[in-house]
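Structure record follows, encoded as structure tokens.
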Amino acid sequence: MAVDGETIDHRLGTYTWSTGGRGVVADAAAPPLLVKNMNPHPVAPGAKLHLQFDDRPLTIEAGVWNGGDADWRPVQNGIIPLPEKKGAYIYAIHASWKKGNAIYAFFIEVR
């Protein structure tokens with residue numbers, strides 16, 4: 001994950017993965033708890049976050065965490081437009097592959 005070439009720190013949350021007849025399910029805390037010890041990464045209003053995975057997901061959705069869930073929206077071409085309005089935002093990303101899926105969380109501050 002990067003904004004303007006700078007890597008955005010993120011945390012892996014809940015995920016599932018199956019390969020070779022074996023599967024793994026790992027539960028994790030909600031995104032606010034995953035990022036609670038992180039400093040928000042400063043970004044410009046309207047910046048674009050670029051996702052890059054070694055194994056390209058079949059689908060990706062992302063959204064700002066609000067209360068108990070995110071306002072999930074499909075991600076096109078691996079680019080997430082970030083908010084224009086100043087403030088701190090916790091984002092969740094849900095990526096799906098044939099072998100499983102994963103949730104990631106990151107923390108930004110629009111300045």
Side-chain angles (χ1 to χ4, degrees):
M1 288 179 207
V3 172
D4 295 330
E6 288 186 29
T7 300
I8 302 290
D9 195 17
H10 60 280
R11 299 289 183 264
L12 174 62
T14 299
Y15 68 92
T16 63
W17 202 258
S18 298
T19 186
R22 300 183 122 177
V24 174
V25 176
D27 197 14
L33 292 175
L34 290 174
V35 302
K36 85 174 198 182
N37 292 324
M38 295 171 61
N39 291 321
H41 189 92
V43 298
K48 305 236 182 298
L49 180 105
H50 296 265
L51 299 174
Q52 185 171 345
F53 292 91
D54 292 337
D55 184 7
R56 186 175 176 179
L58 299 172
T59 63
I60 306 171
E61 56 184 357
V64 174
W65 194 263
N66 189 3
D69 204 358
D71 62 341
W72 298 108
R73 297 184 182 176
V75 174
Q76 302 298 325
N77 302 316
I79 298 172
I80 300 171
L82 299 175
E84 294 280 344
K85 187 177 177 185
K86 292 182 180 186
Y89 299 88
I90 296 170
Y91 268 82
I93 296 171
H94 178 248
S96 294
W97 298 263
K98 281 186 178 182
K99 296 178 181 178
N101 60 69
I103 299 280
Y104 299 88
F106 65 95
F107 189 23
I108 60 163
E109 183 177 358
V110 177
R111 295 184 176 172

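Note that these values count all heavy atoms, side chains included, but never hydrogens, waters or copies made by symmetry. Every value quoted in this text rests on a predicted model; they were computed, and no experiment measured them.
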For [X] and [Y], work out which heavy atoms get closest and say how close.
{"X": "W65", "Y": "A30", "answer": "CZ2-CB, 4.2 Å"}
{"X": "D9", "Y": "F106", "answer": "O-CB, 3.5 Å"}
{"X": "P83", "Y": "I108", "answer": "CD-CD1, 4.2 Å"}
{"X": "W72", "Y": "G63", "answer": "CE3-N, 4.2 Å"}
{"X": "L34", "Y": "A105", "answer": "CD1-CB, 4.0 Å"}
{"X": "I79", "Y": "P81", "answer": "O-CD, 3.7 Å"}

Just verifying a value: how many Å separate [X] [atom1] and [Y] [atom2], rounded to the nearest 0.5 Å?
{"X": "M1", "Y": "L51", "atom1": "CE", "atom2": "CG", "result": "5.5 Å"}
{"X": "L49", "Y": "Y91", "atom1": "CG", "atom2": "OH", "result": "8.5 Å"}
{"X": "E61", "Y": "N101", "atom1": "CD", "atom2": "CG", "result": "10.0 Å"}
{"X": "Y104", "Y": "L12", "atom1": "OH", "atom2": "CG", "result": "5.5 Å"}
{"X": "E6", "Y": "H50", "atom1": "CD", "atom2": "NE2", "result": "12.5 Å"}
{"X": "H94", "Y": "T59", "atom1": "NE2", "atom2": "OG1", "result": "6.5 Å"}

Look at the side-chain heavy atoms of Ile, Leu, Val, Met, Phe, Trp and Tyr, link any pair under 4.5 Å apart, and say whether L82 and Y89 land in one connected group.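 The answer is yes; both residues are in one hydrophobic cluster.
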Hydrophobic cluster identity match, L33 and I90, side-chain contacts under 4.5 Å: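 No, no single cluster joins them.
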Give me the ring orientation class for F53 and W97: parallel if the planes are under 30° apart, tilted from 30 to 60°, perpendicular past 60°.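 Ring orientation of F53 relative to W97: perpendicular.
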Are any of the side-chain heavy atoms of V110 and E84 separated by less than 4.5 Å?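 They are not in contact (no side-chain heavy atoms under 4.5 Å apart), so the answer is no.
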Evaluate the side-chain proximity of V24 to Y15: yes if any heavy-atom separation is below 4.5 Å, no if none is.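 They are in side-chain contact.
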Exam field: side chain H10 to backbone I8, donor-acceptor pair closer than 3.5 Å: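 Yes, H10 side chain to I8 backbone: donor-acceptor pair under 3.5 Å.
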Please check if the side chain of T16 supplies one atom and the backbone of V25 the other of a donor-acceptor pair under 3.5 Å.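 No.
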State whether the number of non-hydrogen atoms from other residues, nucleotides or ligands found under 6.0 Å of D4 atom CG is greater than 12.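 Check fails, neighbour count at 12 or below.
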Go through V75 and I93 one step at a time and tell me if the side-chain contact (heavy atoms from CB on, under 4.5 Å) criterion holds. CA-CA 9 Å; V75 174; I93 296 171; 5.8 Å; no
